Amino acid sequence: MTRLIALLLALALPAAAAQAQHVQRQNNIELSQAWMRASLAGVPNTAAYMTIQTTDGKPDRLLRAESPVAGKVELHTHLIENGVAKMREVPAIDVPAGGGAELKPGGLHVMLLGVKRALQDGERAPLTLVFERAGTVTLTVPVRKGMPGGHRH
Ligand SMILES: [Cu+2]
């Protein structure tokens, strides 16, 4: 019985640690629920998602992103054209004061193109975000398997 409890604690602790790391604050930016989709076999592109909020009550704008794991990083949105979901590059992502910006599958995302090696579920990948006011914010993003269907061009 004691052994079972110890095992349960051991299983619960890494999850709690991962939760605690989900909120990152730098400059006047708070990032939460950041994750990057693990590579699909033969697909050199992937995407990162997160919630971005400002902590000083003022709006900001995400201007660009970069990562050493990708050849090129773009800011994208999804839109429906003639009933077909497509991705399009956007010049910037607005981060309104209060509500913030939510980057999620099927919506705004950070697009990583020409990924240099397969990103594995469970690893972490560096990502740098450049904001108009807050400047450069660097974070390490946990890599997770996405939902079935994947994120493709
Ligand atoms: Cu995209």
Side-chain angles (χ1 to χ4, degrees), residues 14-153:
Q19 282 292 333
Q21 287 166 4
H22 272 180
V23 176
Q24 301 186 55
R25 285 200 181 93
Q26 273 182 57
N27 305 349
N28 288 318
I29 293 294
E30 180 182 294
L31 299 155
S32 55
Q33 293 165 1
W35 66 286
M36 194 178 288
R37 190 185 296 279
S39 295
L40 298 170
V43 181
N45 307 325
T46 191
Y49 310 98
M50 70 209 70
T51 299
I52 306 170
Q53 287 176 294
T54 63
T55 55
D56 61 355
K58 295 176 188 165
D60 206 339
R61 290 172 87 216
L62 175 59
L63 301 178
R64 60 190 171 85
E66 29 190 85
S67 174
V69 303
K72 194 175 182 206
V73 183
E74 297 178 350
L75 307 177
H76 276 194
T77 190
H78 269 95
L79 43 88
I80 308 288
E81 245 175 32
N82 301 323
V84 180
K86 290 184 175 173
M87 297 196 295
R88 180 144 305 163
E89 189 176 8
V90 292
I93 292 176
D94 284 318
V95 183
E102 198 179 348
L103 282 60
K104 59 183 180 184
L108 292 163
H109 55 279
V110 176
M111 189 82 202
L112 294 101
L113 301 160
V115 176
K116 293 167 185 171
R117 58 175 178 81
L119 298 169
Q120 308 289 340
D121 186 29
E123 71 167 301
R124 301 177 78 88
L127 183 67
T128 297
L129 305 174
V130 181
F131 292 90
E132 191 171 73
R133 285 197 312 114
T136 300
V137 172
T138 299
L139 64 159
T140 54
V141 181
V143 176
R144 295 193 340 219
K145 279 183 187 151
M147 292 171 194
H151 177 100
R152 296 156 193 264
H153 269 275

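Whatever order the structure lists ligands and atoms in, that order sets their numbers, starting from 1. A quick note: this is a predicted structure, and the numbers were derived from the prediction, not measured.
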> Looking only at heavy atoms, which two atoms of Ile52 and Val95 are closest? And how far apart?
Replying inline: O-CG1, 3.6 Å
>> With a 4.0 Å cut-off on N to O distance, would you call Arg88 and Glu81 a salt bridge?
In response: yes
>> Any N/O/S atom, side chain or main chain, of Asn45 closer to the Cu ion (ligand 1) than 2.8 Å?
In response: no
> Where the Cu ion (ligand 1) is the centre, what is the SD-to-SD angle for Met87 and Met111, rounded to 10°?
Replying inline: 120°
> Is it true that Arg144 and Asp121 make a salt bridge, defined as a side-chain N closer than 4.0 Å to a carboxylate O?
Replying inline: no
> To the nearest 10°, how many degrees is the angle His109 NE2 to the Cu ion (ligand 1) to His76 ND1?
Replying inline: 110°
> Considering residues at least two apart in sequence or located in another chain, which fulfil the side chain to side chain contact (heavy atoms under 4.5 Å, CB included) criterion with Lys116?
Replying inline: none
